[in-house]
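Working notes, structure below.
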Amino acid sequence: MNYNNKKRTGSLISIQDSLVKARFYDNVIMGETAEISVEGKSLQAEVLQIDPDHKNTDAGIVEMQVFEDLTGAQIGDMVEFTGKPLSVLLGPGLLTSIWDGLQNPLYKLGEQDAYLIPGMRAPALDEEKLWEFTPSVKAGDVVKGGAAIGSVPEGRLEHKILVPFNLGKCKVESIIEKSSVNITETVAVLTDAQQIKHKLKLAFRWAVKSPIPFKERAIPSKTISTGVRVIDFLAPVSYGGTVGNPGPFGAGKTVLQHSLCKYALADIIIMAACGERAGEAVEVFKDFAELDDPSTGDSLMNRMCIFGNTSSMPVAAREASVFIALTVGEYYRYQGYNVVLLADSTSRWAQALRERSGRQGDIPGPEAFPMDIPDQIKGMYQRAGADKGTGGSLTFIGTVSPAGGNFQEPVTQASMDATGGFWGLSQDRADAKKYPAIDPLAYTTSVYDSFVSWTDRNKMLQTLMEANGIDQTISTIGLKKVPVDKYVLYQKGQTIDFCVMQQDAFHKLDACTRPDRLKVINEAVQKLIDSSIEFSRDGLEDEELKELVKTKFDELRQWWKDWNSSAQSEEEIAGLSKHIDQFILQED
Amino acid sequence: MLRKEINKISEVGKALISVEGNPGVALNHVVELLEAGTNQSLSFAKAINITEDFTRFQVFNGTQGLSTQTKIRMHEIPLTAGFSYNMLGRSFDGVGNVADNGPEIIFEKQVSTRLDTLNPTVRLVPKQPLWTGIPMIDVFNTLVKSQKIPIFAGPTEPYNRLLSQIAQGAQADVIIFAGIGLKFDEYHYFKEQLSQSGNIDKTIMFSHLAGDSQIKGLMLPDVALSVAREFADQGKDVLVLLTDMTNWSNILRNVANYQDQIPSLQGYPGSLYSELAKRYEVAADIEGAGSITIIGATTLESLEDPVPDNTGYITEGQFFLENGKLKLARSLSRLKQQVNGNTRSDHRPIMTAMASLLADAEKAYEAAEVGAANDAFSQKLLRYRTDFITNMEEPFGESVELEAALDKCWDILKRHFEPTETGLSKKLIDQYWK
């Protein structure tokens, strides 16, 4: 974009909720941001549309959404166009930060007031903090956009200082020696082919709607250990993959997100709390800070950053918050890190677009969403991916909150279409307190052989499906008419469901299962599925035999559940396999 | 100070008026409507849409009797609410005017009704249980200080009785009652209950009766919550009762319709979620100050209706009332995990085990309807289900302490099952199955 340096202004001619119109005489650029002066405060806005002014042919009308509450705004209030699109500041200090949806650090704002008052601002990253910069290029070297000119340590990570991605080939004019600098100081000067000088600092701004490029995009291939058994067994996700996670309220989306936050193996977790409860984001940054990162033993917060545009914050900033979070994810991917982005909820993001398009008077699509909502959702998920060139990845897991729990609604449908994986949460399972309530029969995955082979996984799934079928039969015609062998199969499925698919997210040991333990469980499950169990008939009638079968399986389930929450030593873990062997032979 | 006055009302609708051009009023600022000639005050109104061609206002007292001659006087401030400790024990309307026969109140200060978002960093993670003496809540869905939770119920259910029972037992310094679209008998019932329980002196009632001006009902939660917030900022633990938020949402729908907004689902505006969230999110435990807990009522025909559906995504769970019983299956307290791990060791496991058995029992109950629950275990489940509904899902009755309620749970299990059938660990069985 070519931005004008001259100061360009306009004045308000219409105000409703978060949408304003202004008259301008100069030039306005689609997508640029503007500052509106309201009662001495400056409010941030974004240009949505430019129209002719029928009252005044010398002028134009610009339509903008304002990211803050407009109370007190009047006709004639001045608008100043910035020439810059909505952007995010990228540099060391991103990790451990907690921002609002526009990258204002919430702790800094909290020093000004307990409430978020329109117009309040604070620098996105700490400008005082000193970072130990080590250069990796020297004067005279030639670099281009995306190249590292040095690095600083950020917690346990090496944070590379990159040349902004839009620069072409440049010559390093000068670069500082190894030293401590803050993010406002110049560390290097580059000259581009047009002989224009670029001063590089530790941080730079990047437009959030311009995806940061891949070095060499690749198909996601390595599976993430999420610690959640039903996911890792049946619906795994890869580094760089995408997942849509819909569920009616109360089906356990939040608890699942928190589990992923705590246990998913990744270098960095970004949380975009988009239009959801403030309390949930607070729990993450206040309580999770006390927990340990599963791979490093550090505080969990050291691998996280949080964008909290919670449900009572300005709706217009919701859309921005997801794009800002995505851009930060892409930035760390370019540095070679595995990033998992949790967006809760993409439905609130889509609703923000719906509110806006409604106010703009657009002709509505299905359920009043903008007609192009499926394309916008696809575009968003497409920014995730694996980069062979850098070795990094950005995984995008978006929750979906379907109205009325109806998966046919437009956002859920578009998400199914846009993602490689789909974890559908079921109301019935949640009502029965079977958590996580991911329906083992309602999901998709694009990952095949992972922690267990595709064949083993399908056998497990097949058993669950058959048991589910028998369950339906029992409900309609009664247990009496179900043959004993079918009843045993049903009990096998129930056992896999109860002991493997269900997991206690609040139990210290049961909450997270790693691949080594998954392997032990899988062996036990496969043995159980393949075996014909030798219940001694001893002249029992079918009905009596079925009762015996139920009692035996009840005992097995109780034993296995105890194992889930107690087995820790190698010997105890191996005990599962032995116990299954004894069970199959019906030995005590 | 002489305030600017104009008289060029060009349009009078059901709850809205418009004037030609732009009289210099700012967004959300308040104006006063005066009768031409007598200058008698008719109503206040709020500017909601301002353009250079027209300005639109919401009229607090309704538009009946307004004319194009009616005068508009500028006040140049947004709507505020009066605040004073003298408000305790008193009744107000939806915009904070005294609505009882008591003496006039001299307010200590005026507070903003904009409901600015609380900075999440000053929120405390809620950790303090609010015991109600109702086993279905205390054992299965523990209520936590600063929680926001509605009662979901059909329009004929005793939801106001339940709301008032919870309020009477709850520990709070101040109770703010916010009633929207109430029938007179409901209003009267709350007043009686609060008086009888001795809580009236710490209660402020904001009431909007069915048939009162819609805009006053629309404003009511903001006024009530702003007053609640001021008490919390001054260190008080405040309990807000919001009933019935479906009435409030319906006013919101009407007003959106008067403004020709494009409806999303069942005529509600696309902003329904954000509008509800803005109010419920006022609930908080504030670092260095007090707290606000919100218990609401949401009447519904079906859970899929937009109001309960959106509410469910906003609040921290819901209590589901059906046939006078608090139903376990659809009730949920999202904050219970914050507190129920620090009670008795059997609290969480027995809660899970009983819920799981009840889900199986519901299946058996459906099967029994077609004569397919004829095996012994199904019969056990059916007897358990009846016992559970009678003894656990009944919200009205004697107050029960938590430990006694947990013991009652074990008694029910023992009446119907063998230990291994419960899915409870051997350790717990050894300790409690006596």
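In what follows, every chain begins at residue 1, and chains take the letters A, B, ... in the order their sequences are listed.
- Inter-residue side-chain proximity for B:Arg330 and A:Gln427 is flagged as met; some heavy-atom pair is nearer than 4.5 Å.
- In this structure, chain A has heavy atoms under 4.5 Å from both the backbone and the side chain of B:Ile50.
- Without hydrogens or angle criteria, A:Gln558 side chain to B:Leu424 main chain gives a donor-acceptor distance under 3.5 Å.
- Note: A:Ile474 CD1 to B:Ser378 OG = 8.0 Å, rounded to the nearest 0.5 Å.
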Could you go step by step and tell me if B:Asp309 and A:Phe249 meet the side-chain contact (heavy atoms from CB on, under 4.5 Å) rule? CA-CA 8 Å; B:Asp309 185 52; A:Phe249 64 82; 3.8 Å; yes
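- For a residue to count as touching a neighbouring chain, one of its non-hydrogen atoms must lie under 4.5 Å from one of that chain's; by this rule A:Pro402 touches chain B with backbone and side chain alike.
- At a threshold of 4.5 Å between non-hydrogen side-chain atoms, the residues B:Arg334 and A:Arg277 count as touching.
- For B:Pro78, the part lying near chain A is the side chain, with the backbone staying farther off; criterion is any non-hydrogen pair under 4.5 Å.
- When heavy atoms are compared at a cutoff of 4.5 Å, B:Gln318 approaches chain A solely by way of its side chain, counted from C-beta outward.
- Within the 4.5 Å cutoff, no side-chain heavy atoms of A:Arg557 are placed close to those of B:Glu421.
- Relative to the ring axis of B:Tyr313, A:Arg348 places its NZ or CZ within 45° and under 6.0 Å from the centre.
- Proximity of B:Gln338 to A:Asp287: side-chain heavy atoms (C-beta onward) are separated by under 4.5 Å at one or more points.
- For a residue to count as touching a neighbouring chain, one of its non-hydrogen atoms must lie under 4.5 Å from one of that chain's; by this rule A:Thr254 touches chain B with the side chain only.
- Using modelled atom types, one side-chain atom of A:Lys286 and one backbone atom of B:Arg123 make a donor-acceptor pair closer than 3.5 Å.
- Interface with chain A: from residues 281-292 of chain B, residues B:Glu281, B:Ile286, B:Glu287 qualify, criterion being any non-hydrogen pair under 4.5 Å.
- Within the 4.5 angstrom heavy-atom criterion, no atom of A:Lys21 approaches chain B.
- A:Leu70 places a side-chain heavy atom less than 4.5 Å from the side chain of B:Leu27.
- Formation of a donor-acceptor pair under 3.5 Å by the B:Thr117 side chain with backbone atoms of A:Ser312 is found in this model.
- At least one side-chain heavy atom of B:Ser274 sits under 4.5 Å from a side-chain heavy atom of A:Arg318.
- Heavy-atom distances place both the backbone and the side chain of A:Thr71 under 4.5 Å from chain B.
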Derivation of the side-chain hydrogen bond (donor to acceptor under 3.5 Å, both in side chains) call for A:Glu367 and B:Ser264: CA-CA 6 Å; A:Glu367 295 191 10; B:Ser264 57; over 6 Å; no
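- Not a single donor-acceptor pair under 3.5 Å links the side chain of B:Asn119 to the backbone N or O of A:Tyr107.
- Using a 4.5 Å heavy-atom threshold, the side chains of B:Glu52 and A:Arg23 count as touching.
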